[in-house]
Amino acid sequence: MSDAKTRMLRRAAREITPGMVVNLGIGLPTQVVNHLAPDLPVCLHTENGLTGIGPTLPPERADRNLIDAGGAYVSEVPGSAFFDSATSFAMVRAGRLDLTMLGAFEVSETGDLANWKIPGKFSPGVGGGIELAQKARRVVVLSTHTDRAGNPKLLTACTLPLTARNRVARVFTDMAVVDVEPGGFVLTELAEGVSVAEVSEATGAPLRLPDTALPRF
Amino acid sequence: MSDAKTRMLRRAAREITPGMVVNLGIGLPTQVVNHLAPDLPVCLHTENGLTGIGPTLPPERADRNLIDAGGAYVSEVPGSAFFDSATSFAMVRAGRLDLTMLGAFEVSETGDLANWKIPGKFSPGVGGGIELAQKARRVVVLSTHTDRAGNPKLLTACTLPLTARNRVARVFTDMAVVDVEPGGFVLTELAEGVSVAEVSEATGAPLRLPDTALPRF
Amino acid sequence: MRLPEKICAMEDAIAQIRDGDTVMVGGFGVPGTPMTLIRALVAHGARDLTLVKNDANEPGMGIDHLLQSGQVARLITTHLGLNSHAIGLMNSGRIAVEFNAQGILAERIRAGGSGLGAVLSDIGLGTELAEGKQVVQVAGQDYLVEPALRAGIALIHAERADPFGNLTYAATARNFNPLMAMAADQVIVEVEEIVPLGALPPEAVHTPGVFVDQVVPLGTLSGEYAVVRR
Amino acid sequence: MRLPEKICAMEDAIAQIRDGDTVMVGGFGVPGTPMTLIRALVAHGARDLTLVKNDANEPGMGIDHLLQSGQVARLITTHLGLNSHAIGLMNSGRIAVEFNAQGILAERIRAGGSGLGAVLSDIGLGTELAEGKQVVQVAGQDYLVEPALRAGIALIHAERADPFGNLTYAATARNFNPLMAMAADQVIVEVEEIVPLGALPPEAVHTPGVFVDQVVPLGTLSGEYAVVRR
């Protein structure tokens with residue numbers, strides 16, 4: 001794992017504070033779990049019907065009936081509970097998730113999120129992402145700052161079909177932490193070795209700077 | 001218990017055939033359970049969250065947490081299941097009850113049922129009765145043929161607020177078994193010692209007779 | 001990871017309740033009625049409450065104490081047949097009563113607990129229970145709109161809980177409890193026995209702790225929970 | 001009283017399925033997918049089926065066998081991400097696919113299983129997922145009408161059943177199974193273990209037998225149920 005990615009995951013992990021109920025989306029967000037303090041009192045939720053996710057298990061130790069929503073074989077912790085898919089999303093829609101961390105294709109400066117469809121290229125269905133994005137009390141995005149071709153993912157407006165409007169509060173990338181404020185994107189932290197100019201260039205929308213010094217992560 | 005009432009309950013019990021899922025309403029219908037063959041394969045449902053009702057228990061043997069919808073202390077049978085109130089009525093509304101037996105203030109010759117409210121006199125709320133009456137696959141009524149003042153309960157049209165329209169298929173009373181057919185009430189069985197004239201007089205609607213002899217119960 | 005813990009003193013839990021709050025109360029008859037939380041709410045004294053409960057218990061039992069103390073302005077329920085005192089309050093206009101079909105009340109609460117706006121149902125169509133309700137056509141059929149119900153507070157009775165608030169209910173004491181435990185901003189649970197994290201098999205949990213805010217241990221049960229001799 | 005019994009041979013249960021039927025299939029990934037009932041449906045050969053399933057499994061697994069055999073005309077689902085073969089069939093127009101938000105699919109099925117007409121939800125409002133959907137205002141707020149889903153047949157996988165059809169599920173193999181087990185005219189369950197009446201504690205039953213029509217015992221589980229090594 002690259003150093004920048006590790007730092008991004010570690011920084012995102014600090015977003016999770018004691019007592020929270022958290023859903024980590026498929027992909028990068030799921031990896032945040034490896035950067036949480038072992039004694040942190042937190043409840044991890046997966047939409048296929050489990051609260052209290054324990055460590056991921058290798059095939060030889062896996063329970064064939066115990067996976068997370070991404071298909072990884074996981075384990076229980078003391079106090080886990082299993083439930084059906086309706087109950088699982090009842091938790092989501094009724095606002096019982098304090099936080100969800102999701103991947104993104106695009107995030108707009110008004111907090112719109114596009115992460116489920118690229119017309120003509122990628123349309124596997126929305127799965128549970130729309131309910132997480134629309135209903136978790138706090139939605140943050142964890143993503144590379146640009147796509148593989150180097151195009152910015154943080155934009156003035158999304159071009160792809162939306163997952164949810166005005167819901168993203170913060171974006172963690174390999175370059176920076178960017179908050180979505182009423183006036184647009186605000187750069188709040190910088191990755192080690194990255195300059196403000198580099199982040200600005202990699203961002204497809206104006207990026208305001210705070211009055212104070214930018215912390216590094 | 002009067003002889004006529006015992007015969008009515010015993011006759012009504014024959015309506016319950018192997019394999020059925022049955023809800024017996026509060027009052028007279030609940031007592032039908034005492035007239036079922038002990039080896040009859042049948043599932044009794046109570047709307048407060050139990051399938052597989054076993055015998056009623058006296059206070060000294062009762063479980064404080066195990067009642068039926070009428071508040072009687074009941075017991076389990078092998079294979080009982082407990083569930084919440086939403087699941088209980090899901091069974092009802094989705095048509096999983098083969099039969100419900102309900103009490104009545106009035107039944108009309110088109111199968112309308114009134115059994116929950118007497119304006120100005122009695123309005124304790126509809127409880128679960130409306131869903132049972134509207135959604136059980138077969139609805140039969142178990143009731144005295146007349147009210148305490150001697151007024152007929154079987155009428156051309158109900159005068160009281162309805163529980164459900166066109167749902168009653170058959171009425172068991174202390175005097176007769178009366179079917180609700182497309183053309184109105186049909187007398188199909190007579191209680192011992194009761195004449196056709198007596199039943200007709202106690203009925204507030206035309207009562208057709210079948211071509212065949214009337215069985216006695 | 002370890003799960004957060006939510007064990008709380010009864011007074012602290014009940015102190016959250018404010019005048020004018022909507023309070024859901026579990027139970028169907030005695031089983032599942034949180035008798036001790038109800039007594040604490042009487043002692044707390046919050047007034048002008050809207051209660052949501054299947055029934056009004058019996059005179060001198062359960063939520064009848066809240067009716068007796070004049071703390072209830074409105075009752076959303078299904079059946080008051082066993083409480084002549086509640087019927088008297090209703091008939092004399094001292095409490096407002098809204099009757100729901102029992103399974104529809106259950107669904108409205110579950111909808112509130114599931115982040116839905118309403119359910120559409122044909123229960124009561126063509127009867128006076130449909131009067132005043134919004135009607136929507138779906139695929140050519142008429143349905144009544146049954147709006148979701150939520151509350152500020154839910155008072156729940158469970159048989160067992162772990163410190164995270166995973167709950168199990170005994171027998172027919174389940175009834176409305178798991179539904180109301182989904183549908184309130186603050187879900188307060190009185191429990192007969194607290195067991196350690198991990199003692200409830202994860203498959204056997206009836207209410208996942210994610211829905212629960214405060215877990216209040218009961219000591220010795222009062223006589224109100226006992227078999228009623230009629 | 002004793003409860004009725006519903007144990008049934010797999011072929012007899014599957015023989016009920018007709019061309020053109022809607023078939024709900026439990027499972028989320030491998031856990032809870034009724035692999036053996038699916039194989040029996042392939043052998044049976046009913047065509048022009050509408051399948052309702054959370055996902056399309058992976059190529060060569062689960063309902064992909066029904067896609068491979070050309071028995072599926074339409075798929076109501078939430079996500080096909082792990083099955084490139086299913087995406088290919090969709091993109092080439094050989095199957096029609098209707099995508100639902102995952103929790104909304106769950107609620108639509110549950111509504112069908114609960115005798116409701118629809119649920120009202122704000123999920124997807126303002127996105128292309130709302131396109132073409134009926135909108136209803138309740139208390140001044142817009143909601144999408146999400147109609148109840150029912151099926152002729154549901155294929156369910158359970159860990160344990162008693163002869164009446166009371167079911168328990170293992171871990172995350174529960175998922176859509178209890179919901180689909182409510183929502184079909186004929187509910188067919190394959191079970192890993194049949195236990196005697198009374199062996200399942202009544203508090204621990206996940207699906208009450210009232211919802212179940214046929215219980216099919218599985219012998220030794222095939223390799224399709226095993227941990228997938230990727």
Side-chain angles (χ1 to χ4, degrees), chain A residues 26 46-50 53 57-76 80 82-94 112-114 116-117 119-135 160-166, chain D residues 26 28-32 54-56 58 77-84 86-87 90-91 97-111 113 121-129 157 159 169-180 206-207 221 225-230:
Chain A
I26 298 171
T46 181
E47 54 267 42
N48 59 320
L50 165 63
I53 306 175
L57 298 178
E60 59 277 13
R61 289 177 48 219
D63 175 343
R64 67 186 162 88
N65 289 313
L66 183 43
I67 63 173
D68 68 14
Y73 290 95
V74 294
S75 55
E76 308 163 13
S80 288
F82 298 118
F83 35 83
D84 66 41
S85 297
T87 304
S88 188
F89 283 93
M91 292 173 185
V92 177
R93 288 190 311 268
D112 295 351
L113 173 66
W116 73 281
K117 186 173 182 179
K121 279 195 190 160
F122 177 82
S123 57
V126 72
I130 192 169
E131 287 157 287
L132 292 169
Q134 198 174 322
K135 294 295 184 180
L160 296 170
L162 293 186
T163 311
R165 280 184 200 280
N166 308 128
Chain D
F28 186 123
V30 169
N54 175 64
D55 57 87
E58 299 176 46
T77 187
T78 78
H79 199 276
L80 305 179
L82 291 177
N83 191 337
S84 55
I87 292 179
M90 171 179 72
N91 289 344
V97 175
E98 176 193 316
F99 286 119
N100 286 244
Q102 198 164 91
I104 296 303
L105 183 64
E107 287 295 327
R108 292 182 64 195
I109 295 165
R110 188 190 168 280
S121 155
D122 63 357
I123 294 298
L125 266 180
T127 75
E128 74 169 53
L129 278 144
H157 179 90
E159 186 179 42
Y169 307 97
T172 60
R174 192 179 314 186
N175 53 67
F176 282 78
N177 278 301
L179 308 169
M180 292 175 169
H206 294 145
T207 291
L221 293 187
Y225 295 91
V227 168
V228 181
R229 290 165 183 264
R230 292 191 180 87

Query raised in the report: What part of A:A90 is in contact with chain D, defined as an atom under 4.5 angstrom from a non-hydrogen atom: side chain, backbone, both or neither?
Result: neither

Query raised in the report: So what's closer than 4.5 Å to chain A heavy atoms on D:N54: side chain, backbone, both or neither?
Result: neither

**Report entry** Largest heavy-atom contact set with chain A, pairs under 4.5 Å, which of D:A86, D:A56, D:G103, D:G81
**Finding:** D:G103

Query raised in the report: Closest approach of D:Q102 and A:E131, non-hydrogen atoms and distance?
Result: N-OE1, 3.4 Å

Report summary line: For A:G125 and D:H79 the tightest heavy-atom approach is O-CD2, 3.2 Å

Requested in this report: Let me know which of A:T163, A:I130, A:V126, A:D112 forms a side chain to side chain contact (heavy atoms under 4.5 Å, CB included) with D:T127.
Outcome: A:I130

Query raised in the report: Who are the ring-ring contact (aromatic ring centres under 6.0 Å, His included) partners of D:Y225, not counting sequence neighbours?
Result: D:H157

Query raised in the report: Hey, does the side chain of A:Q134 reach the backbone of D:D122 with a donor-acceptor pair shorter than 3.5 angstrom?
Result: yes

Query raised in the report: Is the backbone of A:I67 close enough, under 3.5 Å, to the side chain of D:T172 for a donor and an acceptor to pair up by distance?
Result: yes

Query - Closest non-hydrogen atom pair between D:V227 and A:D63, with its separation - result: CG2-C, 4.3 Å

Query raised in the report: Looking at A:E47, A:K135, A:E76, which one has more heavy-atom pairs under 4.5 Å with chain D than the rest?
Result: A:K135

Query raised in the report: Looking only at heavy atoms, what is the nearest atom pair of A:S123 and D:M90, with distance?
Result: O-CE, 3.5 Å

Query raised in the report: Do the non-hydrogen side-chain atoms of A:D84 and D:H206 ever get within less than 4.5 Å of each other?
Result: no

Query - Sub-4.5 Å side-chain heavy-atom contact between D:E128 and A:W116 - result: yes

Query - Closest approach of A:R93 to D:I123 (non-hydrogen atoms, all atoms of both residues) - result: CD-CG1, 3.6 Å

Query - Engaged part of D:A226 at the chain A interface, taking heavy atoms whose separation is under 4.5 Å - result: backbone

Requested in this report: Flag the one option from A:F83, A:F122, A:F82 with the top tally of heavy-atom pairs under 4.5 Å to chain D.
Outcome: A:F82

Requested in this report: Supply the atom-to-atom distance D:R174 CZ to A:S88 OG, rounded to the nearest 0.5 angstrom.
Outcome: 11.0 Å

Report task. Tell me, for A:E60 versus chain D, whether the close heavy atoms (under 4.5 Å) come from the side chain, the backbone, both or neither. Result -> both

Report task. Between chain A and each of D:S84, D:A101, D:S121, D:A106, count heavy-atom pairs under 4.5 Å; write down the option with the most. Result -> D:A101

Query raised in the report: Is chain A contacted by the side chain of D:L105, its backbone, both, or neither, given a heavy-atom distance below 4.5 Å?
Result: neither

Query - Residue list, side-chain hydrogen bond (donor to acceptor under 3.5 Å, both in side chains) with D:T77, at least two apart or on another chain - result: none

Query raised in the report: Of the backbone (N, CA, C, O) and the side chain (C-beta and beyond), which part of D:V228 lies under 4.5 Å from a heavy atom of chain A, both, or neither?
Result: both

Query - Closest-packed option against chain D by number of heavy-atom pairs under 4.5 Å, given A:A69, A:A133, A:P58, A:G49 - result: A:A69

**Report entry** Between OG on residue A:S85 and CD1 on residue D:I104, distance to nearest 0.5 Å
**Finding:** 12.5 Å

Query raised in the report: With respect to chain A, which residue among D:N175, D:N83, D:L80 yields the maximal number of heavy-atom pairs within a distance under 4.5 Å?
Result: D:N175

